[in-house]
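Throughout, protein chains are lettered first and strands after them, A, B, ... in sequence-line order, and every chain is numbered starting at 1.
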Amino acid sequence: MENSDVNVIYSVQHQLPLVMYIGQYFFFTGLSAGSFVISVIATLLGRREFKPIGKITAILAPILLIIAPLNLIADLEQPLRFWHLFVFYNWTSPITYGSFLLTAYPIMGIIYAIMVYTDRQKAAKILGIIGIPLAISVHGYTGFILALAKARALWNTAAMPTIFLVSAMVSGIGLVVIIAAARWKWFDKKATPEDRKKDKKLILQLAQFMAYIIMLDLFLIVSDILVLLTAHSDAYQAGMLILTGNFAPLFLGVEIFLGSIVPMVLVLGPTRYSLRAIVIASILVNIGVYAMRFVMVIGGQSIPLS
Amino acid sequence: MAKKRYAMLIDMRRCIGCHACTVACKAENAVPLEVNATWLKIIEKGIYPNTRRYFLPRMCNNCTDAICARNCPTQATYKRDDGIVVVDQHRCIGCKYCIASCPYDVRFINPLKNIVQKCYFCVHRVDSGLVPACVESCPTRAMIFGDKNDSKSEIAQMLATNATEVLKQEMETDPQVFYIAADETVMSNVEKKINYRAESSLIKLRL
Ligand code: SF4
Ligand code: SF4
Ligand code: SF4
């Protein structure tokens, strides 16, 4: 039957269940996990010039992770019943893993931050090593929330949790670069010129690390889309939605071009020694990742189901 | 005797598209405006003079492998022993993950109660020995409800002797609403194929 011969006279479409609160929540947990990983890497390497970054990120991670679940509770239709999550848990639901991870991770993050600030190196290292899998799961599970909702073709792929993790790393490093650069510019005046030089070099290295992770992110996204386009019809529609449909400007324009390609060129290209260019790249990266959360959460639900 | 397994069979050879089921459900379950536990999907096919309308009563399939129950973090949505999938109204926190997971767009937020609801085969009626309100109201007896594990029931006999189909079998949720002689186009995702505009969904965003 040619589709032009068909008219829908009446049907019901219910309102989109998950709104941007959820995307925002994904964004904040991503930032938190990303900065925690950076902090632990700094602590483990233990070099003196890494300390400031280790400290900034140690405090950033739990703060961001306290903001993140507020989005979740605000999204509930019955916010006062949020405690049901802990009392009536259901182990087949990814949200249940989340509610326990979201409790354990900030507590661990706060203890870790105290250790870092009181300079108890050994305890900080041990906590950091325990914390990394926790940080990865706290963000990784958000990918599973989408991947296990099998109704939506854009979400229901095995690549989803990894894409979320990698983009979290990207945005987390971006945030750390912005804060470290601000510190270098305004609050680092007392340091010797030599230390300042070292600090700047560190920021540049961090930015380069970010650029390499962006490449990994792009690879994952391209492979996800290639598979979507050759899978069943819903998956094909989902792929076309973000490539040529209503979400294409946000996906191709903001997420891919402004949020990945431009920052990569800024960080690796001729401007690679300019702190200003690197800060701009980091801001763009964060805008790109936020757009990615929007495209995934809202775009994924915008294809009618019946 | 085998365990009870309630199911619904809708015979599209008899359905006249009268919307009686929609109205009966609204009245029985106090379903607010703008949301529906059951509705009639209607399409028009063909080019004049060779045209026809096709109907499809839509409702929760009370699936055997209900992805909504599997993903509900509080067990507010759960499957009863007789196979009916229900939502505990006092336990639901309104996270809406079940709505996002269900492949059939049959769950909704009750705007008056702020919890998730859907068709639950009118358990309150079934438990007291009645058939669901929509089945009761159907003037052409196109809807048949009963225990499909009871070989003497009408539904078991109809299921055994007719060619039936279910919606989106590929989703592997094992739907328990069966259709006889439903049209392929009306069962497919027509909205996506022909009328697809993401704006219409974006308008429904409550940012
Ligand atoms: S149709 Fe949807 S809401 Fe109903 S039982 Fe199946 S998965 Fe759950
Ligand atoms: S909205 Fe209610 S029924 Fe649905 S998954 Fe959340 S708690 Fe369960
Ligand atoms: S069985 Fe009850 S709740 Fe379900 S559609 Fe029919 S009247 Fe509505």
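Proximity of a side-chain donor or acceptor of B/E165 to a complementary backbone N or O of B/A182 within less than 3.5 Å is detected. The backbone N or O of A/L220 lies less than 3.5 Å from a partner atom in the side chain of A/S223, making a donor-acceptor pair.
Only the side chain of B/I67 comes within less than 4.5 Å of a heavy atom in chain A; its backbone stays farther off. Contact of B/E170 with chain A is not made at all, since no heavy-atom distance falls under 4.5 Å. Only the backbone of B/R107 has a heavy atom closer than 4.5 Å to any heavy atom of chain A. Both the backbone and the side chain of A/I145 come within contact range of chain B, with heavy atoms under 4.5 Å apart. Only the backbone of B/L40 comes within less than 4.5 Å of a heavy atom of chain A; no side-chain atom from C-beta onward does. Contact annotation for B/A69: only backbone heavy atoms (N, CA, C, O) come within less than 4.5 Å of a heavy atom of chain A. Proximity to chain A (any heavy atom under 4.5 Å) is shown, for B/V186, by neither the backbone nor the side chain. Interface remark: A/W91 contributes no atoms to any contact with chain B (heavy atom separation under 4.5 Å).
Among the candidates A/L72, A/N156, A/T92, the residue making the largest number of heavy-atom pairs closer than 4.5 Å to chain B is A/T92. The candidate with the highest count of non-hydrogen atom pairs below 4.5 Å against chain A, out of B/C102, B/C98, B/C72, is B/C72. Of the listed residues (B/Q75, B/R91, B/R70), the greatest number of heavy-atom pairs within a distance under 4.5 Å of chain A belongs to B/R91. Between chain B and the options A/I9, A/I73, A/T96, heavy-atom pairs under 4.5 Å are most frequent for A/I9. Across B/Y78, B/Y97, B/F108, B/Y54, the residue that shares the most heavy-atom pairs under 4.5 angstrom with chain A is B/Y97.
Classification of B/D82 and B/R5 as a salt-bridged pair fails, no side-chain N sitting under 4.0 Å from a carboxylate O.
Between A/Y141 and A/Y97, the distance separating the two ring centers is not shorter than 6.0 angstrom. Less than 6.0 angstrom separates the ring centroid of A/Y105 from the ring centroid of A/F36.
A heavy-atom distance below 4.5 Å is found between the side chains of B/I109 and B/I99.
Taking a 6.0 Å sphere around OH of A/Y236, one finds it holds 12 or fewer heavy atoms contributed by other residues, nucleotides or ligands.
Sequence neighbours left out, the pairs with a member in residues 113-128 of chain B that pass salt bridge (charged side-chain N to carboxylate O under 4.0 Å, His left out) are B/E28-B/R125, B/R80-B/D127, B/R125-B/E136.
The aromatic rings of B/F145 and B/Y6 sit parallel to each other, their planes meeting at less than 30°, with 60° as the upper class boundary.
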